[in-house]
Structure formats: C-alpha cells, structure tokens
**Q** 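Can you keep this structure in mind? I'll have questions shortly.
The residues of the chain are indexed from 1 along the displayed sequence.
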Amino acid sequence: MIVGVINTIVGTTIMFVFYNVLHLNYWISSASNYFFGSICSYLLNKHFTFHYHEKGWYSLLRFTLNILVCYLIAYGIAKPLMHWILIDYNKVIQENISMLFGMCFFIILNYLGQRFFAFKKR
C-alpha cells in the first residue's frame with residue numbers, strides 16, 4: 001500500500017504540474033506521470049509488493065507492456081468520456097478531471113496487470 005501511495009503522489013504531482021504550470025498538453029502531461037513513476041514502481045513493486053525474484057528482462061518487458069496498455073486504455077477512455085460528461089465546461093477543467101479519472105482507472109487496471117501478468121510467478 002505504501003508503494004502505491006508513494007507512486008500516486010509522485011505521479012500525480014508530475015502530471016498536474018506539467019499540465020497546469022508548464023502548460024504541456026494532456027497526453028504529454030499524463031504520459032510523463034507514468035514514464036517517471038514507472039521506474040520507481042517497477043523496482044518497488046517487484047521486490048516489495050509482489051516479492052518477484054526471477055532474474056532477466058522478461059518481467060521488465062511484461063511490466064512495460066502492462067503500463068503501456070493500461071495507460072492507453074485508461075486515458076484513451078477518460079478523455080472522450082469526460083469531454084462528453086463535462087461538455088459545458090472549458091477544456092482545462094475537462095482535461096484536469098479527465099487526468100484524475102484516467103489515473104484512478106489506471107491504478108485499478110495496472111494493479112491487476114502487475115498481479116496477474118507482469119509479476120505472475122511461473
């Protein structure tokens with residue numbers, strides 16, 4: 001749980017600072033969250049959350065694939081869904097809420113993907 005909280009705080013901060021302070025677009029801001037957070041997440045989840053001790057690049061490849069698929073699904077659904085729900089709001093509000101919704105959806109998908117795919121014990 002501590003690993004998830006640390007990753008969520010770091011990633012959320014990066015994402016919203018990139019979007020609201022640096023004014024980078026939705027996709028760059030949200031992807032930066034997972035690019036930077038994934039390095040820490042891989043090491044912490046591999047060793048502490050899932051106690052996965054197999055050697056080699058195979059788990060890193062599965063982890064990377066999991067992050068990519070979960071990101072594309074979560075944020076690909078979040079943006080059009082929030083645009084549709086929040087049609088009367090301006091783009092900045094829509095995209096901030098989309099990133100928040102996408103992050104919550106991503107957390108669920110990512111945990112399941114890491115548990116049953118990336119760090120699945122043979």
**Q** Transitively linked via ILVMFWY side-chain contacts under 4.5 Å: Y71 with F116?
**A**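 Shared cluster, yes.
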**Q** Answer yes or no: are there more than 12 heavy-atom neighbours, outside I2 itself, under 6.0 Å from its atom CD1?
**A**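 No - once you tally the heavy atoms of other residues, nucleotides and ligands closer than 6.0 Å, there are 12 at most.
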**Q** Can you see which heavy atom on A74 is nearest to which on G102, and at what distance?
**A**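 Shortest heavy-atom contact: CB-O, 3.5 Å.
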**Q** Among V92, N25, L24, exactly one meets side chain to side chain contact (heavy atoms under 4.5 Å, CB included) together with Y19. Which residue is that?
**A**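 Exactly one candidate clears the test, V92.
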**Q** Can a side-chain donor-acceptor contact be found between N90 and Q94 if the only test is distance below 3.5 angstrom?
**A**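 The answer is no; no qualifying pair exists.
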**Q** Would you confirm whether Y26, through its side chain, and Y75, through its main-chain N or O, come within 3.5 Å as a donor-acceptor pair?
**A**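 Pair found, side chain donor or acceptor close to backbone of Y75.
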**Q** Okay, side chain of N20, backbone of F16: is any donor-acceptor separation there less than 3.5 Å?
**A**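 Present.
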**Q** Are I108 and F63 in one and the same hydrophobic cluster, where Ile, Leu, Val, Met, Phe, Trp and Tyr link if side-chain heavy atoms are under 4.5 Å apart?
**A**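 Shared cluster, yes.
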**Q** Verify ring pair (Phe, Tyr, Trp, His ring centres under 6.0 Å) between F106 and Y34, making sure each step is shown before the conclusion.
**A** CA-CA 10 Å; F106 176 89; Y34 298 103; 3.9 Å; yes
**Q** For residues N110 and N66, report the shortest heavy-atom separation together with the two atoms involved.
**A**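 Answer, listing the atom of N110 first, then N66: OD1-ND2, 2.8 Å.
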**Q** Is there side-chain contact between S98 and H83, with heavy atoms separated by less than 4.5 Å?
**A**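 Side-chain contact under 4.5 Å: no.
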**Q** Are any of the side-chain heavy atoms of I73 and F105 separated by less than 4.5 Å?
**A**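 SC-SC contact between I73 and F105 confirmed.
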